[in-house]
Amino acid sequence: MKVFVAGGGGAIGRRLVSQLVAQDHDVVAITRSERKAPSLRALGAEPVVVDALDREAVIQALMRAEPEVVIHQLTRLADMKSLKRFDREFALTNRLRTEGTDYLLEGARAAGVRRFIAQSYGNWNYARSGTGLKTEEDPFDPTPPAHQTETLRAIRYLEQAVTSAKDIEGVALRYGNFYGPGTGIALDGDIVAQVRKRRFPIVGDGAGVWSFSHVDDGAAAAIAAMDRGAPGIYNIADDEPAPVAAWLPELAKAVGAKPPRRVPVWVGRLAVGDVGVSMMTQIRGTSNAKAKRELQWTPRFPTYREGFRDGLGDR
């Protein structure tokens, strides 16, 4: 197929482009960075330098490409530094999930695109209640921490726009927390650097359950969604969501660091705010059963244990 990848220069975008080319798809990848264009070309894609928030440029790029499928992986998370200022840190990503999604959908309709696949998110945004894994039918958090409200609103907007798009098969992939090359949880990533310095502690009981997705598995799920599964929403995560108290020591072990420290909730709140405390102690994990069943997708790294051991760097 001819595939248009928005965000081809990002952590998951590069892995996606590589997998698409390896499977003989014809790939056009947009990036806002001139310096990333040569690496996309080296991967086998046709790079196009476009500001994803420039409506006319996005529409024109799509009309020139005439793809069958659009895969929207636009985010700007590389500079994420503070959970205390979560919405502020996500401000540009939220614009990409709202304005950027609108421009891509408008261009996709003009270009006659058949299927539109977008990166969404599924973990902290589900209701912080119950003990089982959350499915796509479960509600989002009705009362998220104050500094996550704008980001949750942007996620809702993206999913509604994509899944209700006329004349296009819209798919939203609710990814878990990415790890692997190019992310914060990589051998050279910011989070791993903090773990090595013992500056990423377990807060309180560490009962917040995280769902993880290796960037290669996230890319493979997007490719599976190009021609499998009904339009709609799918959780994309590994088989074993785990509480912070379980996965963080495993990450420390995998990168040769000392075990993480433990701090009480009041200390954690000073450092990471209500958002960080919620993520450390309250959030619930997600079920990947629908994606495995309907997209016929299986993660290469079935749990964070294998992923942390073998997937944090390029092999």
Novice: Any salt bridge between Asp239 and Lys292, counting N to O under 4.0 Å?
Specialist: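 Here Asp239 pairs with Lys292 in a salt bridge, since their nearest N and O are under 4.0 Å apart.
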
Novice: Before giving the answer on ring-ring contact (aromatic ring centres under 6.0 Å, His included), spell out for Trp247 and Tyr179 the whole-Å C-alpha distance, their side-chain angles and the decisive distance to 0.1 Å.
Specialist: CA-CA 12 Å; Trp247 70 255; Tyr179 70 99; 9.7 Å; no

Novice: Is the closest side-chain heavy-atom distance between Phe140 and Ile155 below 4.5 Å?
Specialist: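 Of all side-chain heavy-atom pairs linking Ile155 with Phe140, at least one is under 4.5 Å.
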
Novice: Has the side chain of Ser18 got a donor or acceptor atom that lies under 3.5 Å from a matching backbone atom of Arg14?
Specialist: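 It does not hold such a pair.
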
Novice: Considering non-hydrogen atoms only, spot the tightest contact between Leu74 and Gly7 and give its length.
Specialist: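 For Leu74 versus Gly7, the nearest heavy atoms are CD2-N, 3.4 Å.
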
Novice: Output, in order, the C-alpha distance, side-chain angles, deciding distance and verdict of side-chain contact (heavy atoms from CB on, under 4.5 Å) for Gln119 and Thr75.
Specialist: CA-CA 9 Å; Gln119 178 190 138; Thr75 61; 3.3 Å; yes

Novice: Can you see whether Arg199 engages Gln194 through a side-chain donor-acceptor pair at a distance of less than 3.5 angstrom?
Specialist: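 Side-chain D/A pair, Arg199 to Gln194: absent.
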
Novice: If you group Ile, Leu, Val, Met, Phe, Trp and Tyr by side-chain heavy-atom gaps below 4.5 Å, do Phe4 and Met63 land in one group?
Specialist: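 Shared cluster, no.
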
Novice: Here's a test for you: under side-chain hydrogen bond (donor to acceptor under 3.5 Å, both in side chains), which of Asp238, Asp310, Asp216 qualifies with Arg300?
Specialist: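 Result for side-chain hydrogen bond (donor to acceptor under 3.5 Å, both in side chains) with Arg300: Asp216.
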
Novice: Is Glu306 salt-bridged to Arg309, cutoff N-O under 4.0 Å?
Specialist: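 Looking at Arg309 together with Glu306, the answer is no, because their closest N to O distance does not fall below 4.0 Å.
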
Novice: Give a yes or no on whether Leu20 and Val70 share a hydrophobic cluster (residues Ile, Leu, Val, Met, Phe, Trp, Tyr; joining criterion: side-chain heavy atoms under 4.5 Å apart).
Specialist: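 Leu20 and Val70: separate clusters.
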
Novice: Could you check if a side-chain atom of Val215 sits within less than 4.5 angstrom of a side-chain atom of Pro181, using non-hydrogen atoms only?
Specialist: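 Answer yes - side chains close enough.
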
Novice: When the ring centroid of Phe212 is compared with that of Phe308, is the distance short of 6.0 Å?
Specialist: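 That pair passes the under 6.0 Å test.
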
Novice: Roughly how far apart are Trp210 CH2 and Met279 CE, rounded to 0.5 Å?
Specialist: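 The CH2 atom of Trp210 sits 4.0 Å away from the CE atom of Met279.
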
Novice: If only atom types and distance count, is the side chain of Asn125 paired as donor or acceptor with the main-chain N or O of Asn123 below 3.5 Å?
Specialist: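 Present.
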
Novice: For Lys134 and Asp141, what are the C-alpha separation, side-chain angles and deciding distance, and is it a salt bridge (charged side-chain N to carboxylate O under 4.0 Å, His left out)?
Specialist: CA-CA 11 Å; Lys134 300 296 185 179; Asp141 194 341; over 6 Å; no

Novice: State, to 0.1 Å, how close Leu96 and His72 come at their nearest heavy-atom pair, and which atoms those are.
Specialist: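 Minimum heavy-atom separation between Leu96 and His72: O-NE2, 3.6 Å.
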
Novice: Under the criterion side-chain contact (heavy atoms from CB on, under 4.5 Å), I'd like the reasoning laid out for Met1 against Asp227: C-alpha separation, chi angles, the key distance, then a yes or no.
Specialist: CA-CA 10 Å; Met1 300 182 197; Asp227 57 6; 3.8 Å; yes

Novice: Could you check whether Arg95 pairs with Asp102 (Lys NZ or Arg NE/NH1/NH2 to Asp/Glu carboxylate O, under 4.0 Å)?
Specialist: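 Looking at Arg95 and Asp102, the cut-off is not met.
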
Novice: Looking at Arg88, I'd like to know if its CZ atom is crowded, meaning that more than 12 non-hydrogen atoms belonging to other residues, nucleotides or ligands lie closer than 6.0 Å.
Specialist: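 No, because the 6.0 Å sphere around CZ of Arg88 holds 12 heavy atoms or fewer from other groups.
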
Novice: Could you measure the distance from the CZ atom of Arg228 to the CZ atom of Arg115? Nearest 0.5 Å is fine.
Specialist: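 That separation rounds to 11.0 Å.
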
Novice: Quick one: which of Tyr126, Tyr175, Tyr121 gives a side chain to side chain contact (heavy atoms under 4.5 Å, CB included) with Asn235?
Specialist: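 Of the listed residues Tyr126, Tyr175, Tyr121, the side chain to side chain contact (heavy atoms under 4.5 Å, CB included) partner of Asn235 is Tyr126.
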
Novice: Flag yes if more than 12 heavy atoms outside Arg269 fall under 6.0 Å of its CZ atom; otherwise flag no.
Specialist: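 Counting other residues, nucleotides and ligands, CZ of Arg269 exceeds 12 neighbours.
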
Novice: For the NE2 atom on His25, are there more than 12 heavy atoms of other groups (residues, nucleotides or ligands in this structure) within a distance under 6.0 Å?
Specialist: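 Yes, enclosed.
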
Novice: So Ile185 and Phe178, do their side chains get closer than 4.5 Å, heavy atoms only?
Specialist: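 The answer is no; the side chains never approach within 4.5 Å.
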
Novice: Between Arg153 and Glu150, is the salt bridge (charged side-chain N to carboxylate O under 4.0 Å, His left out) condition met? List the steps.
Specialist: CA-CA 5 Å; Arg153 186 175 294 118; Glu150 292 300 319; 2.4 Å; yes

Novice: Under the criterion salt bridge (charged side-chain N to carboxylate O under 4.0 Å, His left out), I'd like the reasoning laid out for Glu46 against Arg41: C-alpha separation, chi angles, the key distance, then a yes or no.
Specialist: CA-CA 6 Å; Glu46 176 189 343; Arg41 186 174 291 108; over 6 Å; no

Novice: Does Glu99 come within less than 4.0 Å of Arg55, counting only side-chain N to carboxylate O?
Specialist: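 Looking at Glu99 and Arg55, the cut-off is not met.
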
Novice: Check whether Ile59 and Val48 end up in the same hydrophobic cluster, where Ile, Leu, Val, Met, Phe, Trp and Tyr are linked by side-chain heavy atoms less than 4.5 Å apart.
Specialist: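 Different hydrophobic clusters.
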
Novice: Would you say the side-chain atoms of Arg262 pair up with the backbone N or O of Pro201, donor to acceptor, closer than 3.5 Å?
Specialist: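 Not confirmed, Arg262 side chain does not pair with Pro201 backbone.
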
Novice: Taking the side chain as every heavy atom from C-beta outward, state whether Lys2 and Val28 have any atom pair closer than 4.5 Å.
Specialist: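 Side-chain contact under 4.5 Å: yes.
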
Novice: Let me confirm one number: the CZ-NE2 distance from Arg85 to His147, rounded to the nearest 0.5 Å.
Specialist: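 Here the rounded value is 10.0 Å.
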
Novice: Can you measure from CZ (Arg97) to CG (Leu92) and round to the nearest 0.5 angstrom?
Specialist: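 It is 11.0 Å, given to the nearest 0.5 Å.
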
Novice: Test the Lys290-Tyr234 pair against the cation-pi criterion, namely NZ or CZ under 6.0 angstrom from the six-membered ring centroid and within 45° of the ring axis.
Specialist: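 Positive - Lys290 is close enough to the ring of Tyr234 and near enough to its axis.
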
Novice: Should Arg114 and Glu169 count as an ion pair when the cut-off is N to O under 4.0 Å?
Specialist: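 Yes, Arg114 and Glu169 are salt-bridged.
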
Novice: Taking all non-hydrogen atoms of both residues, which atom of Ala29 and which atom of Leu40 are closest, and how far apart?
Specialist: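 Looks like CB-CD1, 4.1 Å.
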
Novice: Is any side-chain heavy atom of Val3 less than 4.5 Å from a side-chain heavy atom of Pro67?
Specialist: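 No, their side chains stay 4.5 Å or more apart.
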
Novice: In Å and rounded to the nearest 0.5 Å, what is the CD to CD distance from Gln296 to Glu294?
Specialist: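 The CD atom of Gln296 sits 10.0 Å away from the CD atom of Glu294.
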
Novice: Looking only at heavy atoms, which two atoms of Ile71 and Ala222 are closest? And how far apart?
Specialist: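 Smallest heavy-atom distance, with atoms named: CG2-CB, 4.1 Å.
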
Novice: So which heavy atom on Ala161 is nearest to which on Thr101, and how close?
Specialist: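 Between these two residues, the closest heavy atoms are CB-CG2, 4.3 Å.
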
Novice: Would you say the side-chain atoms of Arg15 pair up with the backbone N or O of His214, donor to acceptor, closer than 3.5 Å?
Specialist: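 The answer is no, because no donor-acceptor pair under 3.5 Å joins these two groups.
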
Novice: Counting distance only, does the side-chain N/O of Thr93 pair as donor-acceptor with the main-chain N or O of Arg76 below 3.5 Å?
Specialist: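 Yes, Thr93 side chain to Arg76 backbone: donor-acceptor pair under 3.5 Å.
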
Novice: Can Tyr157 and Asn94 be counted as having a side-chain donor-acceptor contact under 3.5 angstrom?
Specialist: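 Short answer, no.
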
Novice: How close do Val255 and Arg196 get, counting heavy atoms only, and between which atoms?
Specialist: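 Smallest interatomic distance, heavy atoms only, reads O-NE, 3.6 Å.
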
Novice: Let me know which of Leu173, Asp217, Thr286 forms a side chain to side chain contact (heavy atoms under 4.5 Å, CB included) with Ile236.
Specialist: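 The side chain to side chain contact (heavy atoms under 4.5 Å, CB included) with Ile236 is passed solely by Leu173 among Leu173, Asp217, Thr286.
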
Novice: So do the side chains of Thr183 and Leu312 get within less than 4.5 Å of each other, counting heavy atoms only?
Specialist: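 Side chain of Thr183 against side chain of Leu312, heavy atoms only: no contact under 4.5 Å found.
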
Novice: Could you see if Phe116 belongs to whatever hydrophobic cluster contains Met226? Use Ile, Leu, Val, Met, Phe, Trp, Tyr and a side-chain cutoff under 4.5 Å.
Specialist: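 No, Phe116 and Met226 fall in different hydrophobic clusters.
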
Novice: Mind checking whether Lys84 and Val275 have side chains closer than 4.5 Å, heavy atoms only?
Specialist: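 No, their side chains stay 4.5 Å or more apart.
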
Novice: Rounded at 0.5 Å granularity, tell me how far CD in Glu159 sits from OG in Ser120.
Specialist: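 Taking CD in Glu159 and OG in Ser120, the distance rounds to 3.5 Å.
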
Novice: Between Asp167 and Arg109, is the closest basic N to carboxylate O distance under 4.0 Å?
Specialist: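 A salt bridge is absent here (no side-chain N lies under 4.0 Å from a carboxylate O).
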
Novice: Applying side-chain contact (heavy atoms from CB on, under 4.5 Å), run through Asp54 and Glu56 and close with a yes or a no.
Specialist: CA-CA 6 Å; Asp54 182 335; Glu56 291 298 328; 4.0 Å; yes

Novice: As a quick check of understanding, evaluate side-chain contact (heavy atoms from CB on, under 4.5 Å) for Ser278 and Ile283, giving each step before the final call.
Specialist: CA-CA 6 Å; Ser278 173; Ile283 65 172; 3.9 Å; yes

Novice: With a 4.5 Å cut-off on side-chain heavy atoms, are Glu68 and Val113 touching?
Specialist: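 No. Closest side-chain heavy atoms not under 4.5 Å.
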
